Amino acid sequence: MIQLTLIRPDDCHVHLRDDNQMCSILPDTVRRFARAIVMPNLKLPVSTTELALAYRKRIYSALPVAMKGHFTPLMTLYLTDNTPSSEIIRAKESGAVHGIKFYPAGATTHSNSGVTDITKCYSTLETMERADMPLLVHGEVTDPETDIFDREKIFIDKVLIPVIKRFQKLRIVFEHITTKEAVEFVKETSNNIGATITAHHMLLNRNAMFNSGIRPHHYCLPVLKHETHRRALIEAAISENPKFFLGTDSAPHSKFTKETACGCAGIYTSHAAIELYAEVFEQANALEKLEAFASFYGADFYKMPRNKDTISMIKENWNAPAQIDFSGEALIPFRANEVVTWKMTD
Ligand code: NCD
Ligand code: ZN
């Protein structure tokens with residue numbers, strides 16, 4: 001039996017949703033991860049410290065009894081054109097907020113209240129830089145003229161480089177990177193710039209959206225890319241460069257809202273999150289590098305202590321469920337009814 005034991009990982013980018021939907025899916029994350037950076041794109045955006053603290057309370061209440069005390073949600077605020085500097089100070093002082101999420105308006109799910117022009121936020125970014133509060137970036141331009149596959153690459157030049165030039169000490173996480181340009185950019189910039197990489201962007205290329213027909217459950221944002229980019233992401237993840245770390249971007253939507261004429265973006269991977277990363281690293285002959293990517297580099301970037309307890313997996317095939325209950329609706333998880341090759345043992 002092949003067994004793999006790791007220091008317990010952290011998920012540096014996850015969508016836990018809210019209320020009953022959250023109750024349905026939260027155990028998947030908690031079973032695997034000690035902590036998670038929780039995205040603030042609820043229907044009512046989590047744009048203040050007060051809302052973040054209330055959301056954190058709801059997350060703690062949603063934890064099943066046996067899991068209480070085993071999970072720490074790390075909250076984020078949703079940046080708007082009008083987020084005042086005083087809100088950043090409040091967030092920092094709360095000790096509960098670990099990043100401020102920048103969604104370009106219209107870029108993705110629930111981003112309508114996002115930033116229309118980042119220069120409007122420059123005084124807020126200055127406060128973040130001074131307070132050492134990280135900026136978490138959904139890195140895609142949104143103008144409809146730009147080809148959807150080029151949105152990340154163009155965002156680097158148009159938005160990220162000017163921000164980095166102006167705020168040289170601001171810590172930035174380039175979230176869920178999907179292109180070789182983003183990998184190169186992160187590698188070349190200073191140590192205060194990191195990036196998360198999802199399992200699905202390393203397991204699939206864009207063909208997976210059109211495999212004998214349209215596959216709505218493989219549609220996410222940023223959209224899956226060409227094979228050359230997928231390979232660049234794997235190279236980055238196994239490179240032992242501490243700037244690259246685990247963030248699942250697990251983003252559940254009901255089957256009903258994905259299998260429709262205008263389906264939502266998001267892939268749900270929390271039910272097999274660390275197992276899927278193990279597949280990627282094993283296929284790349286780099287299993288021994290998984291622990292640092294999953295459990296050390298994210299914690300280091302966020303200046304948190306590394307976890308102490310461990311998780312174990314064995315090499316054993318199991319089928320991901322065909323569907324998962326999502327507050328009375330069906331959620332189709334990644335690899336639904338298909339084989340996952342690593343299995344959690346505890
Ligand atoms: C996310 C969601 O559904 O909240 N969707 C996705 O495709 N990743 C939003 C996001 O992170 O872009
Ligand atoms: Zn996300």
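Note that these values count all heavy atoms, side chains included, but never hydrogens, waters or copies made by symmetry. Computed from a predicted structure; not experimentally measured. Whatever order the structure lists them in is the order used to number ligands and atoms, beginning at 1.
- Side-chain contact check for H229 versus T178: every heavy-atom pair is 4.5 Å or farther apart.
- Taking the six-membered ring for Trp and thresholds of 30 and 60 degrees, W318 and H271 have ring planes more than 60 degrees apart, a perpendicular arrangement.
- Among protein heavy atoms, atom 8 (N) of ligand 1 sits closest to D249 OD2, 2.7 Å.
- Counting heavy atoms closer than 4.0 Å to ligand 1, residue I267 contributes nothing at all.
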Legend entry - Residue pair M313, T345: steps toward the side-chain contact (heavy atoms from CB on, under 4.5 Å) verdict: CA-CA 5 Å; M313 288 178 273; T345 53; 5.9 Å; no
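- Proximity of A251 to ligand 1, defined as any heavy-atom pair under 4.0 Å, is confined to the side chain (atoms from C-beta onward).
- Note on ligand 1: R17 sits in its first shell, one or more heavy atoms being nearer than 4.0 Å.
- Between F293 and F281, a ring centre-to-centre spacing shorter than 6.0 Å is recorded.
- Around the Zn ion (ligand 2), the protein N, O or S atoms found under 2.8 Å comprise H13 NE2, H15 NE2, D249 OD1.
- Near A265, meaning under 4.0 Å from one of its heavy atoms, ligand 1 places the atoms 3 (O), 5 (N), 6 (C), 7 (O).
- Side-chain contact, N82 with T80: no donor N or O sits under 3.5 Å from an acceptor N or O.
- For atom 10 (C) of ligand 1, the closest heavy atom belonging to the protein is T108 OG1, 3.4 Å.
- Side chains of R335 and H200: a donor-acceptor N/O pair is absent below 3.5 angstrom, by distance only.
- Here the side chains of D117 and D81 are not in contact, with every heavy-atom distance at 4.5 Å or above.
- Protein heavy atom closest to atom 11 (O) of ligand 1, with residue, atom name and distance, is H15 NE2, 3.1 Å.
- Geometrically, ligand 1 and N41 share a nitrogen or oxygen pair separated by less than 3.5 Å.
- The closest donor-acceptor contact from the side chain of T189 to the backbone of F185 lies under 3.5 Å.
- Membership of the apolar cluster around I37 extends to I7, M39, L74, Y78, Y103, L136, V173, F245, F296, Y297, F301, Y302, M304, as traced through chained side-chain contacts below 4.5 Å between ILVMFWY residues.
- With no hydrogens or angles considered, no side-chain donor-acceptor pair links T49 and S94 at under 3.5 Å.
- Less than 4.0 angstrom separates some heavy atom of C220 from each of these atoms of ligand 1: 7 (O).
- Note: F167 and Y122 meet the aromatic proximity criterion, with ring centroids under 6.0 Å apart.
- Remark: aromatic rings of H176 and H138 are close, center separation under 6.0 Å.
- Contacts of H253 with ligand 1, taken as heavy-atom pairs under 4.0 Å, involve the side chain alone.
- The proximity of H138 to ligand 1, defined as any non-hydrogen pair under 4.0 Å, is limited to the side chain.
- Looking only at heavy atoms of the protein, atom 7 (O) of ligand 1 is closest to L221 N, 2.8 Å.
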